[in-house]
There are 2 protein chains.
Amino acid sequence: MIKIASTIKDVAKYTGLSIATISKYINGGNVLDKNKQIIDEAIKALDFKVNEIARGLKTNKTMTIGVLIPDFKNIFFTTVVSNIENVLIQNGYSTIICDYKNDNVLEKEKFNFLVNKQVDGIIIIPQGDDVRHIKEHINKNMPLVLVDRALEGVECDTILVDNMNASYNAVEHLITRGHKSIGIICGPDNIFTAVERLKGYMRVHKDYSMKIDESLVKKGDNDVESGYTRLNELLDLQVPPTAVFVTNYEMTLGAIMALNERNIKIPDELSIVGFDNLHMARIVKPSLSIVVQPMEQIGEIAANTILRRLRGDMSNYPSMVRLKTELMINQSVKDLRG
Amino acid sequence: MIKIASTIKDVAKYTGLSIATISKYINGGNVLDKNKQIIDEAIKALDFKVNEIARGLKTNKTMTIGVLIPDFKNIFFTTVVSNIENVLIQNGYSTIICDYKNDNVLEKEKFNFLVNKQVDGIIIIPQGDDVRHIKEHINKNMPLVLVDRALEGVECDTILVDNMNASYNAVEHLITRGHKSIGIICGPDNIFTAVERLKGYMRVHKDYSMKIDESLVKKGDNDVESGYTRLNELLDLQVPPTAVFVTNYEMTLGAIMALNERNIKIPDELSIVGFDNLHMARIVKPSLSIVVQPMEQIGEIAANTILRRLRGDMSNYPSMVRLKTELMINQSVKDLRG
DNA sequence: CTACAATCGTGAAACGTTTCGCTCTACTTT
DNA sequence: AAAGTAGAGCGAAACGTTTCACGATTGTAG
């Protein structure tokens, strides 16, 4: 094994100053200019870097944030996380990322794993079933930020998109193009975003005095398979809808697969609006109209929120940020008017 | 602030035994059965957990692996990482993940960031330009595993797919369906996988005594935009190819977008074989023939390799694993024979 | 019964920082 | 000249573990 890294003791020996003086300088304390110079010289000559393990033992900080997400293969989650990691590393924090694979038991286990790793804070895209481990944690002195899903009874910083109005606007787009029979493929009732998106669908129907046909409301599991299955169920109805709104990316993928297999032409035979993402919208022909979420912004705001809390800035706690989505109108909606 | 977590001192006080005895028991040493029982009782009653910061200061281990990847939005990379994280967490390791955004300077910075965080090992999907920071690191007592790309002059454990034969098989499929004019959209020369995949294209041409038309060889940047641009360039040729092989996922996305915009029918007007992924293959109509990489396996082998090295098992070092890909034949290749 | 060996508990040093309070020096004011 | 004040360096304790070497106890063999 080659040379072990230098420690503050080596810097002290090199400079003739004490460990306390070196530490004071490193941490921004007052030292004489001539001592500053010689300490800098020593640090450079010895290639000294503070041992963050030792520092952590004393300060009880690990300069690490834990991020817990439901699915590493979901480009929405990974885009959010990419932006979180980017902001955090610029502030000297590392990011431990855990994938709980949409499994509530695994979520709790990995949450506890992060706590035991003594991360300084946790950013979580929660599942939403049993949230006791999160609730219990609120009373501890460690910042927690929820992303994408709010949790009932969990009062802490939360970064969301405005799912209800995202849905409202998407379905309104269909309504204003003359569609009266609009199906929805939404997620399960335990997922916050699924519930909110369905509410938007309901609300816009009510606002336009349109009756909701419960047989057009299909609940999936936010995965490709259920998107596929539910789309087929909608099309197998005696009177299928003329349009479908699919409320997440994976189910949108599945719905498109089902349409491809049935050789159904978009938008001639069925109009469709999906959720995410920009690339997929353009490789489906004709290009899909989709709700676009501000993933970069979600990640940045989540990271900056937790950094503020870590700095001791508790103003406006607990905050809830609801970001606007954008409806990207392409060619997958047929105009039934005229 | 509520109660601070218990320390080994509290357990010692509760049991009447010494800190050394508690530590010995925790770490698998011999203690009397009656003492084992009372220590277990104390641990449970006090909800004691070893402080890994303190342990790390003494043992110089952080139980953390750094993972450095080029792009968080790339589903190939994130799927690999998901599997890495899964294996590592089952072995008590946390995973710090950094995204260097295909930027060599950022790669070096984040690599050094991970080193300074004193991770126990690093798994990297390297970019391939300037690899000095990686080379310098090989001589240090910290395991390093390369994934997806080998690096010249860097001798360490490497987990790859057999890119050359993946490409060979894909193009052979086109050749054996009667295609004589086959274009390729491959990545840039500094990316290992791009070079290997182009080699496979060349080799199969040679093996079938087919002349390579250099104008059909287009080099992109492994992103959506260049896939789009290069596909258009191929189709703008005076005599366009009858088939195209695209050697990564993003460029495959871009190529499809270009085909959609030109209203070119697959496979009637152009046959196409892409790289990844399973979902995208089925949402393009007709479904794409694609090369499928064993992402789960790559991740698991990478994680298990680094764990072996961390346990001190240096057998077969440096190892190189080349995994087979699979050619998934769907409906995007026209049979020109007969 | 004695001698030897094995087992197990323990004290305390060490890991590399931070930080508090003390001390010394220099400067200023009376 | 003396007293008071401010600045800066420093010693050493502490953070929470690990681990080594030592001593005491227990068990076994002759």
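Lettering follows sequence order; numbering is per chain, from 1. Basis for what follows: all heavy atoms, side chains included, without hydrogens, waters or symmetry-related copies.
- One interatomic measurement links the two molecules: CG of Asn30(B) to C1' of dT10(C), which rounds to 15 Å at whole-angstrom precision.
- The distance from atom NZ of Lys34(B) to atom P of dT25(D) is 13 Å, rounded to the nearest whole Å.
- Using a 4.0 Å heavy-atom distance criterion, Leu57(A) is classed as a base contact.
- Of the two residues near DNA chain C, Lys58(B) and Lys24(B), the one whose nearest nucleotide lies more 5' is Lys24(B).
- Protein atom CD1 of Ile22(B) is 10 Å distant from nucleotide atom C1' of dG9(C), rounded to whole Å.
- Going from atom CG of Asp10(A) over to atom C1' of dC15(C) covers 13 Å, rounded to whole Å.
- Between the OH atom of Tyr25(B) and the C1' atom of dT10(C) there is a distance of 19 Å, given to the nearest Å.
- Between the NZ atom of Lys13(B) and the P atom of dG9(C) there is a distance of 20 Å, rounded to whole Å.
- Taking atom NZ of Lys9(B) as the reference point, atom P of dT18(D) lies 13 Å away to the nearest angstrom.
- If you check dT17(D), dG11(D), dG16(C) against the side chain of Thr7(A), the one that comes closest is dG16(C).
- Salt bridge status for Asp71(B) with Lys101(B): absent, with no side-chain N to carboxylate O gap under 4.0 Å.
- Salt-bridge formation is not detected for the pair Lys108(B)/Asp130(B): no Lys NZ or Arg NE/NH1/NH2 atom is positioned less than 4.0 Å from an Asp or Glu carboxylate oxygen.
- Distance, Asn27(B) CG to dG9(C) P: 14 Å, rounded to whole Å.
- Ser23(B) has a side-chain polar atom (N or O) that falls below the 4.0 Å cut-off from OP1 or OP2 of dT18(D).
- Residue-level contact check: Asn60(B) touches neither bases nor backbone, having no heavy atom under 4.0 Å from any strand.
- Across all strands, Phe48(A) comes closer than 4.0 Å only to sugar-phosphate atoms, never to a base (heavy-atom distances).
- In this structure, Asn51(B) does not reach the dC15(D) phosphate: none of its side-chain N or O atoms is under 4.0 Å from OP1 or OP2.
- Lys49(A) comes within 4.0 angstrom of the backbone, heavy atoms only, and of no base.
- The side chain of Ala20(B) lies closest to dC20(D), out of dC20(D), dT19(C), dG16(D).
- Taking 4.0 Å as the cut-off between side-chain N and carboxylate O, Arg311(B) and Asp313(B) do not count as a salt-bridged pair.
- Under a cut-off of 6.0 angstrom, the local environment of CD in Gln90(A) is crowded, with over 12 non-hydrogen atoms contributed by other residues, nucleotides or ligands.
- For Val31(B), taking side-chain heavy atoms from C-beta onward, the closest of the listed nucleotides dG9(C), dG9(D), dT17(C) is dG9(C).
- Across the interface with DNA chain C, nearest-nucleotide mapping of Leu32(B) and Ile19(B) shows Leu32(B) to be the residue nearer the 5′ end.
- Salt bridge Lys110(B)/Glu85(A): present, at least one basic N to carboxylate O contact under 4.0 Å.
- Residue Thr21(A) is the one, among Thr21(A) and Glu52(B), whose nearest nucleotide of DNA chain D lies closer to the 5' end (criterion: closest heavy atom).
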